[in-house]
Amino acid sequence: MPKKMIHDFGRMKDAGEKIAWLTAYDFPTAQFAEAAGIDMLLVGDSLGMCVYGYPNTIPVTMDQCIVHCEAVRRGAPDTFVIGDMPFMSYQSSVEKGIENAGRFLKEAAVDAIKLEGGRRILPMVRGILDAGIVVVGHIGLTPQSSGQLGGHKAQGRTVESARALIEDALALEEAGIQMLLLEAVPPEVGGFITRRLSIPVLSIGAGMHCDGQLLIVSDLIGQFQAFTPKFVRKYCNVAEVVTSAMKEYAADVRAGRFPEDEHCYHMLEGEYEKFQEMVKRYEV
Ligand code: KIV
């Protein structure tokens with residue numbers, strides 16, 4: 001399948017074709033996603049929780065994000081890959097935001113970057129866009145500022161909160177972002193913003209009326225154990241499959257059922273007889 005680029009997602013919105021978006025953090029998962037025909041990949045800062053076992057995304061660094069983006073790029077050379085700007089990689093100044101956004105492209109060859117926030121990060125968004133970088137916005141539940149939101153809570157559930165989201169979405173579109181992600185927002189609000197904006201509006205927990213969906217791959221495959229958000233559908237249970245395979249392996253080792261002859265490297269033809277002769281001098 002030819003690689004989809006940013007304008008293809010706009011065309012998909014106009015044609016009413018839904019966009020299937022997933023996170024990926026490593027080479028094999030990126031290969032699976034590309035083979036599965038996933039439209040876009042996000043190397044999310046959720047890697048902090050899904051890969052490193054941090055309690056949240058706050059400790060994630062630029063260097064970690066770059067390393068994982070490089071692996072995903074190698075695994076999915078023909079898929080649109082988005083790098084996620086981690087906490088404090090853009091909040092402190094426009095210049096820092098532009099430099100760090102640039103690192104994603106220069107060092108990991110991603111196609112776009114994503115950053116969290118609405119009107120209050122417009123200067124950073126404009127700076128990064130002016131540098132010629134494709135920007136994906138992210139509003140609603142924004143985990144990097146979940147402290148201010150009172151925890152990992154759905155947003156836009158009151159008229160005032162919904163109004164703030166609409167204002168943020170309009171301001172980001174006006175600034176020139178090319179796609180917008182809504183996280184944990186009522187479907188009514190997700191649907192309204194999707195209709196109102198001309199750029200693709202994607203959902204992670206923002207309902208069925210958006211132009212496409214994002215899921216965290218570790219949730220989709222049943223790998224992430226700490227908690228399961230309401231918006232997740234698990235399509236398989238890798239944790240169960242892998243744990244049971246490991247238990248079986250340990251039992252086989254302990255019972256002497258593994259390895260078997262088929263797993264062994266035998267000596268070359270004629271060498272065994274010489275080997276028996278040679279070891280005689282070592283026998284006690
Ligand atoms: O880091 C990530 O995977 C994200 C999603 C939660 C939207 O930003």
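This is a predicted model, so every value here is computed, not measured. Each ligand, and each atom within it, is numbered from 1 in the order the structure gives. Starting from 1, each residue takes its place in the sequence as its number.
By the side-chain hydrogen bond (donor to acceptor under 3.5 Å, both in side chains) test, T23 pairs with Y25, sequence neighbours left out. For the salt bridge (charged side-chain N to carboxylate O under 4.0 Å, His left out) test, no residue two or more places apart in sequence or in another chain qualifies with K230. For the ring pair (Phe, Tyr, Trp, His ring centres under 6.0 Å) test, residues two or more places apart in sequence or in another chain that qualify with F227 are F224.
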Put together the list of close N/O pairs, under 3.5 Å, between ligand 1 and the protein, could you?
| unit_1 | atom_1 | unit_2 | atom_2 | d |
| --- | --- | --- | --- | --- |
| ligand 1 | 1 (O) | D45 | N | 3.0 |
| ligand 1 | 1 (O) | D45 | OD1 | 2.8 |
| ligand 1 | 1 (O) | S46 | N | 2.9 |
| ligand 1 | 1 (O) | S46 | OG | 3.2 |
| ligand 1 | 1 (O) | D84 | OD2 | 3.1 |
| ligand 1 | 3 (O) | S46 | OG | 2.5 |
| ligand 1 | 8 (O) | D84 | OD2 | 3.4 |
| ligand 1 | 8 (O) | K114 | NZ | 2.9 |

Tell me, with the steps shown, if K96 and E99 meet salt bridge (Lys or Arg N to Asp or Glu O under 4.0 Å).
CA-CA 5 Å; K96 193 166 180 185; E99 269 168 33; over 6 Å; no
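With hydrogens and angles left out, the side-chain atoms of E173 and S198 include a donor and acceptor closer than 3.5 Å.
Annotation: side chain of D63 is in contact with side chain of R103 (closest heavy-atom distance under 4.5 Å).
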